Amino acid sequence: MKDVMIATGNSNKVREYREILEPLGYVVHDLKEIEHLEVEETGSTFAENALIKAESLKGIYDMIVIADDSGLEIEALDNQPGIHSARFLAGYDYDYKNRTILKMLKDEKNRKARFVCAIALVDEEKHVFEGVMSGSIAYEMKGDNGFGYDPIFMTEEYGLTSAQLSPEQKNAISHRGKATRLLLEYLKGKNR
Ligand code: ITT
């Protein structure tokens, strides 16, 4: 049995990783209910920040450590909020954050946006797996599924916001789904 630590304070992420890793025979450990992983994300890319989170725990836990970093890049806003997605308008809820973005883009024709996810795995070796979901910023909020910026993100594949998709539909095209499938391929190769 191989032990894996998931370095995140986000319980949704822990659940998703459990679903993927336990069927492969991994014993999944997490940091329990801490609100936020107390690591300064000082990197300038998603990949750097995912590695910073994973490496911060590698010294403490003698097992494989996995962490990820993700966010929304909006072309007309210089790719912001980007790596600052979790901290953008800190203290406000996502209803307010999403309304604010819609206002910022009120007269903007270029609505191009993308979600990015980088998953870092630190063992004897280090690996980063990246996934991207391309789309655009909608003109109004729609849908109740998902979380975060999903209600304003119009997907290319469905012509619906990612908050209007079922979890399975979103997972099939999402940044996190794509990065996770790359991680899975790597782990399957290792276990062969
Ligand atoms: P940890 O750092 O502890 O893992 P976190 O929730 O802070 O947990 P991130 O630093 O990766 O996670 O922040 C990602 C932010 O990007 C998140 O707060 C959302 O606002 C946004 N985001 C990422 N993926 C998203 C998705 O699939 N749908 C909507 N918003 C998303």
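Every heavy atom of this structure was used, including side-chain atoms; hydrogens, water molecules and symmetry mates were not. For clarity, every value in this text was computed on a predicted model and none was experimentally measured.
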| message | With rounding to the nearest 0.5 angstrom, report the NZ to CG distance, K170 to L160. | response | 13.5 Å
| request: Quick one: closest heavy-atom pair of E41 and K53, and the distance? | output: OE2-CE, 3.1 Å
| Any side-chain donor paired with an acceptor under 3.5 Å for H127 and Y186? | yes
| Is the count of non-hydrogen atoms from other residues, nucleotides or ligands lying under 6.0 Å from K126 atom NZ greater than 12? | no
| said: What I'd like to find out is whether the side chain of Q169 reaches to under 4.5 Å of the side chain of T155, using heavy atoms alone. | reply: no
| Is R15 salt-bridged to E19, going by a charged N under 4.0 Å from an acidic O? | yes
| query | Taking I152 as the fixed residue, which of L105, I101, T161 is the one that meets the side-chain contact (heavy atoms from CB on, under 4.5 Å) rule? | reply | I101
| task | Hey, could you give me the NZ/CD1 distance between K13 and I119, rounded to the nearest 0.5 Å? | result | 9.5 Å
| Is the closest side-chain donor-acceptor distance between Y17 and D68 under 3.5 Å? | yes
| note | D93 meets the side chain to side chain contact (heavy atoms under 4.5 Å, CB included) criterion, sequence neighbours left out, with D95, Y96
| message | Do R176 and F115 form a cation-pi contact, if we require the NZ or CZ to be under 6.0 Å from the six-membered ring centre and within 45 degrees of the ring's axis? | response | no
| message | Within a 6.0 Å radius of atom NZ on K142, are there more than 12 heavy atoms belonging to other residues, nucleotides or ligands? | response | no
| message | Quick test of your reading of the model: are D30 and R18 salt-bridged, counting only N-O distances below 4.0 Å? | response | yes
| query | Is there a side-chain contact between Q164 and Y158, using heavy atoms and a 4.5 Å cut-off? | reply | no
| task | Could you tell me the separation between the CZ atom of F46 and the OG atom of S85, rounded to the nearest 0.5 Å? | result | 5.5 Å
| field | Value rounded to 0.5 Å, distance of CG in L187 from CG in L182 | value | 11.0 Å
| remark: The reported gap from CD in E75 to OG in S136 (rounded to nearest 0.5 angstrom) is 11.5 Å
